[in-house]
Novice: 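Got a structure for you, written out below as structure tokens; questions coming shortly.
Just so it is clear, the values below take in all heavy atoms, side chains as well, and ignore hydrogens, waters and symmetry mates.
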Amino acid sequence: METMVRPSNGFLSALSADDYDLIRPHLRITDLPHEAVLVEAGETLKRAYFLHRGVISLVVELAKGEHVQVAMIGRDSLLGTFSAMGDASALNRAVVLIGGTASVMDLDRLRAAADQSSSLRTMLTRHGLAVYAQVQQTAGCNAAHPVESRLSRCLLQIHDLSGDVRLLLTQENLAQMIGARRNSVSLVANTLQQANFIHYSRGHIQINNLDGLRQTACECYATVKAQYDRLLGSR
């Protein structure tokens with residue numbers, strides 16, 4: 001019988017009792033400050049992060065120095081799925097987009113636990129596939145859809161991942177999220193504010209109308225959510 005309440009993370013909550021017991025002794029709680037860089041692309045990721053609160057942004061750097069977000073990880077998943085199953089070198093920069101807390105453990109420990117349990121490996125694979133599906137959809141979305149639809153999609157995703165309607169996001173954060181210029185983000189954020197879908201002031205966003213954002217967002221929001229529901233169960 002388990003005597004310890006599990007942290008409020010979707011991955012940890014979904015584990016069987018036996019799988020959770022494999023990793024529980026190695027978990028510790030840490031704060032994730034806003035804009036903290038957890039790993040740079042090409043570096044070795046040394047820890048897995050199971051978020052309780054907050055959002056981690058996976059970012060690629062382009063040749064001219066621009067940074068573009070390709071996926072986000074929140075309280076339903078973890079950072080480190082691919083590294084736990086293979087090469088520990090990070091494919092992307094991982095930076096804290098929304099500050100919060102997480103359970104962390106050494107990736108070597110998680111890798112060793114996965115070697116002992118096929119069900120734990122299956123869970124890691126499904127979470128990795130969910131992130132990969134988000135990366136694919138984000139690439140298509142940023143190439144094909146208007147800035148307003150992309151921003152609405154990202155705000156909805158952040159709400160789902162963090163559970164919060166009050167978000168600390170600069171114009172630079174928003175521009176990275178949707179692969180747009182800051183002046184375009186400013187114009188679109190103003191449009192959403194005039195519609196009373198959000199209130200935006202000095203890097204603080206208050207989501208006022210989720211239904212309005214859903215109507216404005218492109219189909220990519222629903223597509224990614226459906227993939228997550230299929231792979232991970234209803235969020």
Side-chain angles (χ1 to χ4, degrees), residues 34-38 41 51 54-74 76-77 79 91-100 130-228:
H34 174 58
E35 295 190 337
V37 178
L38 304 180
L51 278 74
V55 177
I56 294 172
S57 176
L58 302 183
V59 178
V60 297
E61 183 175 358
L62 304 180
K64 293 184 179 180
E66 302 98 332
H67 291 83
V68 179
Q69 178 179 280
V70 295
M72 292 182 285
I73 296 171
D76 58 354
S77 195
L79 174 68
L91 298 176
N92 320 103
R93 186 177 198 236
V95 60
V96 178
L97 183 65
I98 304 292
V131 173
Y132 181 61
Q134 187 187 161
V135 170
Q136 286 186 309
Q137 197 71 34
T138 299
C141 182
N142 287 349
H145 292 146
V147 173
E148 184 176 14
S149 298
R150 283 146 54 191
L151 182 57
S152 295
R153 166 185 61 81
C154 279
L155 292 176
L156 288 168
Q157 288 178 324
I158 292 174
H159 170 264
D160 289 347
L161 295 171
S162 69
D164 205 341
V165 295
R166 295 179 178 88
L167 310 173
L168 180 63
L169 293 167
T170 65
Q171 282 194 6
E172 183 177 356
N173 293 148
L174 296 173
Q176 287 183 7
M177 283 164 45
I178 62 175
R181 297 185 180 277
R182 290 176 61 177
N183 59 346
S184 298
V185 169
S186 180
L187 290 171
V188 167
N190 186 56
T191 298
L192 295 177
Q193 181 164 257
Q194 287 180 344
N196 200 33
F197 295 166
I198 65 171
H199 177 73
Y200 181 58
S201 177
R202 296 181 180 180
H204 292 78
I205 294 180
Q206 164 83 38
I207 297 177
N208 297 328
N209 188 336
L210 286 168
D211 286 337
L213 288 178
R214 290 187 187 104
Q215 292 171 12
T216 307
C218 53
E219 73 270 17
C220 297
Y221 169 69
T223 300
V224 169
K225 191 173 188 307
Q227 290 279 33
Y228 266 67

Novice: Does Arg166 have more than 12 heavy atoms from other residues, nucleotides or ligands lying within 6.0 Å of its CZ?
Specialist: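 Open: at most 12 neighbouring heavy atoms sit under 6.0 Å from CZ of Arg166.
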Novice: Can you tell if the side chain of His159 reaches within under 4.5 Å of the side chain of Leu156, non-hydrogen atoms only?
Specialist: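 No, side chains not in contact.
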Novice: Are Gln171 and Ser186 packed together at the side-chain level, in the sense that at least one heavy-atom pair is separated by less than 4.5 angstrom?
Specialist: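 Answer yes - side chains close enough.
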Novice: I want to check something: taking the side chain as every heavy atom from C-beta on, are Asn92 and Val59 in contact at a cut-off of under 4.5 Å?
Specialist: no
Novice: Say whether, by atom type as modelled, one donor and one acceptor occur between the side chain of Arg182 and the main chain of Ala175 under 3.5 angstrom.
Specialist: no
Novice: Ile98 and side chain to side chain contact (heavy atoms under 4.5 Å, CB included): which partner among Ile158, Leu51, Ile56?
Specialist: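 Exactly one option meets the side chain to side chain contact (heavy atoms under 4.5 Å, CB included) with Ile98, and it is Ile158.
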Novice: Mark yes or no for whether Gln134, through its side chain, and Val224, through its backbone, hold a donor-acceptor pair below 3.5 Å.
Specialist: no
Novice: Measuring from Lys225:NZ to Arg153:CZ, what's the distance to the nearest 0.5 Å?
Specialist: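 One finds 15.5 Å between NZ of Lys225 and CZ of Arg153.
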Novice: Looking at Asn208 and His199, what are the two nearest heavy atoms and their distance?
Specialist: ND2-N, 3.6 Å
Novice: Quick one: SG on Cys154 to CG on Leu213, what's the gap to the nearest 0.5 Å?
Specialist: 11.5 Å
Novice: Do Leu58 and Ile73 touch side chain to side chain, with heavy atoms closer than 4.5 Å?
Specialist: yes
Novice: Where do Thr191 and Glu148 come nearest, in terms of heavy atoms and distance?
Specialist: CG2-OE2, 3.7 Å
Novice: Could you give the distance from CG (Leu210) to CG (Asp160), rounded to the nearest 0.5 Å?
Specialist: 8.0 Å
Novice: Does any non-hydrogen side-chain atom of Asn190 lie less than 4.5 Å from one of Gln194?
Specialist: yes
Novice: Measure across Ala189 and Ile198 and return the closest heavy-atom pair with its distance rounded to 0.1 Å.
Specialist: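 Scanning both residues, the minimum pair turns out to be O-CD1, 3.8 Å.
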Novice: With rounding to the nearest 0.5 angstrom, report the CG to CD1 distance, Leu167 to Ile207.
Specialist: 5.0 Å
Novice: For Leu174 and Leu151, run side chain to side chain contact (heavy atoms under 4.5 Å, CB included): C-alpha distance rounded to whole Å, both residues' side-chain angles, the deciding distance at 0.1 Å, then the answer.
Specialist: CA-CA 8 Å; Leu174 296 173; Leu151 182 57; 3.8 Å; yes
Novice: Give a yes or no on whether the backbone of Leu62 and the side-chain of His67 come within a donor-acceptor separation of less than 3.5 Å.
Specialist: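 Between the backbone of Leu62 and the side chain of His67 there is no qualifying donor-acceptor contact (under 3.5 Å).
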Novice: Are the side chain of Arg150 and the backbone N or O of Gly179 linked by a donor-acceptor pair below 3.5 Å?
Specialist: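 Side chain of Arg150 to backbone of Gly179: a pair is present.
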Novice: Testing the basics here: between Gln69 and Thr138, what is the closest heavy-atom pair and its distance to 0.1 Å?
Specialist: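 Where Gln69 meets Thr138 most closely, the heavy atoms are O-CG2, 3.8 Å.
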Novice: Out of curiosity, Met72 CE to Leu161 CG, how far, rounded to the nearest 0.5 Å?
Specialist: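 Rounded to the nearest 0.5 Å, the CE-CG separation comes out at 5.5 Å.
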Novice: Under a 4.5 Å cut-off applied to non-hydrogen side-chain atoms, are Tyr228 and Thr223 in contact?
Specialist: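 Of all side-chain heavy-atom pairs linking Thr223 with Tyr228, none is under 4.5 Å.
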Novice: So, Asn173 versus Thr170: side-chain donor-acceptor pair below 3.5 Å or not?
Specialist: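 Yes, side-chain donor-acceptor contact under 3.5 Å.
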Novice: OH/Tyr221 to OG/Ser152 distance, rounded to the nearest 0.5 angstrom?
Specialist: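 One finds 11.5 Å between OH of Tyr221 and OG of Ser152.
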Novice: Between Gln193 (side chain) and Tyr200 (backbone), is there a donor-acceptor pair under 3.5 Å?
Specialist: yes
Novice: Val147 and Ser184: which non-hydrogen atoms are nearest, and at how many Å?
Specialist: CG1-O, 4.3 Å
Novice: So, does Ser149 use its side chain to make a donor-acceptor pair with the main chain of Thr216 at under 3.5 Å?
Specialist: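 The answer is yes, because a donor-acceptor pair under 3.5 Å joins these two groups.
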